[in-house]
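Because the structure is predicted, anything quoted here is derived from the model rather than measured. The basis for the numbers below is simple: all heavy atoms, side chains too, and nothing from hydrogens, waters or symmetry mates. All chains are named by letter (A, B, ...) in the order of the sequence lines, taking the proteins before the strands, and each is independently numbered beginning at 1.
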There are 2 protein chains.
Amino acid sequence: MTQHPTGNTPERILDHAERLFALKGFEAVSIREITGAAGSNLAAVNYHFGSKMNLYMEVFRDRWISRTRRIRENFDRLLADKPEPAISTVIDAMARSFLDGPLNDEQLRHHVLLMQGELAQPSTALKMIVEEVMQPYQQQLSDLIRPSLPPGISEEKLRLCILSIFGITLYFTFARAAISMVMERDYDALFKTEVIQHITKFSLNGINTLTEEN
Amino acid sequence: MTQHPTGNTPERILDHAERLFALKGFEAVSIREITGAAGSNLAAVNYHFGSKMNLYMEVFRDRWISRTRRIRENFDRLLADKPEPAISTVIDAMARSFLDGPLNDEQLRHHVLLMQGELAQPSTALKMIVEEVMQPYQQQLSDLIRPSLPPGISEEKLRLCILSIFGITLYFTFARAAISMVMERDYDALFKTEVIQHITKFSLNGINTLTEEN
DNA sequence: GTCTATAGCAGGATAGAC
DNA sequence: GTCTATCCTGCTATAGAC
């Protein structure tokens with residue numbers, strides 16, 4: 001028996017499937033690689049999940065969605081005692097809950113890579129991501145920010161700003177290797193804190209576009 | 001003979017390889033699919049390019065790099081008669097040369113998807129992308145913007161801003177399907193012009209972070 | 001629930017005729 | 001330079017013993 005210390009077989013398979021799908025993409029990962037890493041038998045994926053594609057979907061359903069839930073809860077907690085928060089407070093909570101929130105470095109990286117993979121090459125999981133995560137969160141952010149804006153700002157313009165903040169955040173996470181090369185420094189803890197500060201300030205100014213125009 | 005109207009065999013293979021690698025990723029595309037689309041024989045890829053991986057690299061060397069050259073030339077032309085352009089002029093030229101420049105919609109989409117794929121899952125091509133494109137362009141942008149900044153702004157902070165503009169631009173191109181769903185509208189020509197305007201304004205404000213601080 | 005064994009197929013690559 | 005035919009490897013998925 002090659003039982004590993006933590007978790008039963010399906011859990012261990014999900015762990016390694018999440019990591020490998022994130023780092024290499026769906027097609028580039030084989031069932032052999034996943035079960036090998038999980039220390040389980042080759043047939044385990046098909047027994048427990050039915051197919052490779054079902055396993056991939058289960059990674060999103062079971063792991064990815066619950067991670068976003070933890071991030072959202074952290075976000076809500078940061079704004080819990082502020083009924084009408086300033087825009088800067090909202091952006092700060094957004095960035096902090098995501099980049100410096102409940103997920104550790106590796107989890108965040110895998111989380112973003114999985115999402116980014118779906119955004120670039122959509123499969124069945126995209127619908128889930130958009131409907132269960134992106135749309136509700138967009139709506140919440142829009143509702144939080146709008147009271148601080150002058151009247152008449154179009155919903156579309158506000159949403160483009162919110163999407164942009166996600167875009168930057170994603171980019172600084174999934175393009176880590178290239179950014180490290182361009183910046184000519186390691187993507188270490190210190191750099192990460194600088195990136196977080198940058199994203200917050202840059203985005204806050206960016207969203208102020210809305211209050212300036214007209 | 002299944003000779004197609006335009007180009008000889010290697011050219012046609014490069015055409016379809018670029019499109020398919022961009023849309024589906026390296027691993028998800030088979031040589032059979034590429035040669036089938038190009039109307040050439042299965043053995044043609046290995047005869048003309050040696051291997052699938054060499055073909056992928058050649059897509060970057062022959063197509064991707066030359067597309068970036070056209071974008072850079074367009075960028076330079078937009079700033080040709082301005083020896084010390086304002087920051088807003090630089091950003092505008094950046095966004096315009098990229099999003100509304102020499103590449104048509106489909107070319108731009110494939111261009112960005114190829115790049116984004118390498119950034120997320122680096123292969124041998126990343127080094128080429130960073131050294132031949134990202135680093136020189138970063139340097140040029142930094143040199144163009146710096147004269148308009150108060151003294152003492154760190155090179156690092158400026159570079160983070162420039163990277164962020166790329167990040168947003170990439171995001172709005174590669175995540176097209178998801179953005180279309182979140183915005184609840186088609187990603188048509190009208191929407192694209194709105195996105196370009198948004199990116200320009202958002203980024204300009206974002207980069208003004210640098211002049212405000214301290 | 002876990003294992004071995006294998007079916008059945010698709011993939012990259014190559015040899016050799018033309 | 002293009003074609004067919006084929007090799008061989010690796011893949012997903014499943015059947016069936018334990």
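Scanning for salt bridge (Lys or Arg N to Asp or Glu O under 4.0 Å) contacts around B:D100 gives an empty result, with sequence neighbours left out.
Side-chain atoms of A:K127 never come within 3.5 Å of backbone atoms of A:E132 as a donor-acceptor pair (strictly under, hydrogens ignored).
A close approach under 4.0 Å does not occur between any side-chain nitrogen or oxygen of A:T9 and OP1 or OP2 of C:dG1. When the side-chain nitrogen and oxygen atoms of B:N41 are compared with OP1 and OP2 of D:dT4, one or more of them lie within a distance under 4.0 Å.
Among residues at least two apart or in separate chains, side-chain hydrogen bond (donor to acceptor under 3.5 Å, both in side chains) pairs with a member in residues 160-183 of chain A are A:S164-B:H198.
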What is the per-nucleotide protein-contact pattern of nucleotides 11-18 of chain C, from the 5' end, where B denotes a base atom under 4.0 Å from a protein heavy atom, S denotes such proximity for sugar-phosphate atoms only, and - denotes neither? BBBB----
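Between B:Y137 and B:F75, the distance separating the two ring centers is shorter than 6.0 angstrom.
Taking the six-membered ring where tryptophan is involved, the planes of B:W64 and B:F60 are tilted, since the angle between them lies from 30° to 60°.
B:I13 places its CD1 atom 11 Å from the C1' atom of D:dG1, with the value rounded to the nearest Å.
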